[in-house]
Amino acid sequence: MKRFLAGMIAVAAIAVTGATPSVAQNTRIIVVSHGQAADPFWSVVKNGVAKAAADLKVSVDYRAPETFDMVAMSQLIDAAVNQKPAGLIVSIPDASALGPSIQKAVAAGIPVISMNSGSDVSKKLGALLHVGQDEFDAGKAAGEKLASMGGKVGVCVNHEVGNVALDLRCKGFAEGFKGKVTVLPVSNDPTEIRSKVKAALSDASVDTVMALSASLGGEPTLAGVKEAGKIATVRVATFDLSANFLKAIAAGEAAFGIDQQQFLQGYLPVAFLALNAQYGLVPGGNVPSGPNLVTKEKAAQVVDLSAKGIR
């Protein structure tokens, strides 16, 4: 994947160098995501967007609702369509809510690429391709890994029940894990997550906890396990990465993190749409950005890049 990104940057740089300056400078792309740039995960996505915009010398606007709000997000997409950008990048956590707005963009002749969530519906809605990971398969891989480590009874901590991508992560985890799995619905409040995870561990049979976001879910989940006094007996894993969770992996306190390389989810769609606007170039299919399991052997190497907002 690193080689692919390096190659993509090189191709983009060559393309921009050979492009008429006015073409590149007048290319405007709009990103509408369900995640806020202040969120540690989405800040990495935005960093990828900004890097691509700088490398390809195009104008990119990043927009998101103030909270996880599908009505507000569909309105942002509609507003973007009215501005007739050269390309539109969207995440699709809820196809039924966002589908009509995305289809309006396609009908208006605006090239659309989906990223992060929506791999299962992207093509049906008319998007050119999707950049991200298959959430169910990623969850299944995590479940299989944790089962191979001896897990029998698990809890999946879901901080956004109703977000199709996160629901698929839990379903995939249950499929791969094979043992008993309970979904623990929580909010984005770390105090609530910590206390609910601690309470869930009052069931002495629970030996595995799967979180769905390193900073929002993984870190408070790990804190809850520690407060319950079970850090030595309960395996903790999470989707995505954060510097603190990576340190916990390196220290042997957590099993692994699932790296979907969200920097690529921000960078590549911008690059693809810029090249499409300038030369009519576009990949012929979806581009998987993950999953990659970051275990103890790899964690220390990734900490620095995570702190810099790249991993």
Using a strict 4.0 Å threshold on nitrogen-to-oxygen distance, state whether Arg169 and Asp240 make a salt bridge. yes
Ion pair check, Lys226 and Glu253, cut-off under 4.0 Å: yes
Using a cut-off of 6.0 Å, state whether more than 12 heavy atoms not belonging to Lys230 lie near its atom NZ. yes
Excluding sequence neighbours, so at least two apart, what forms side chain to side chain donor-acceptor pair (under 3.5 Å) with Asn47? none
Is the shortest distance from a Lys or Arg side-chain nitrogen in Asp167 or Lys171 to a carboxylate oxygen in the other one below 4.0 Å? no
Hey, are Asp94 and Ser96 close enough side-chain-wise for a donor-acceptor pair under 3.5 Å? yes
Using the test side chain to side chain contact (heavy atoms under 4.5 Å, CB included), find all partners of Ala72 that sit at least two apart in sequence or belong to another chain. Pro65, Asp69
For Ala86 and Ala277, work out which heavy atoms get closest and say how close. CB-CB, 4.3 Å
Checking side-chain polar atoms at under 3.5 Å, does Gln260 have a donor or acceptor matched by the opposite partner on Ser289? no
Indicate whether any N or O donor in one side chain lies under 3.5 Å from an N or O acceptor in the other, for Ser114 and Ser122. yes
Determine whether a donor-acceptor pair (N or O, by modelled atom type, separation under 3.5 Å) exists between the side chain of Ser306 and the backbone of Val303. no
Using only atom types and a distance under 3.5 Å, with no angle test, would you say the side chain of Asn286 pairs donor to acceptor with the backbone of His130? yes
Who else is in Phe177's hydrophobic cluster (ILVMFWY, side-chain heavy atoms under 4.5 Å, direct or via others)? Leu146, Met149, Leu166, Phe173, Val181, Met210, Leu212, Phe239, Phe256, Ile258, Leu293
Using every non-hydrogen atom in the two residues, find where Asn158 and Val161 come nearest and quote the distance to one decimal. OD1-N, 3.4 Å
Can you check side-chain hydrogen bond (donor to acceptor under 3.5 Å, both in side chains) on Asp203 and Ser205, steps first, answer last? CA-CA 5 Å; Asp203 179 350; Ser205 67; 2.7 Å; yes
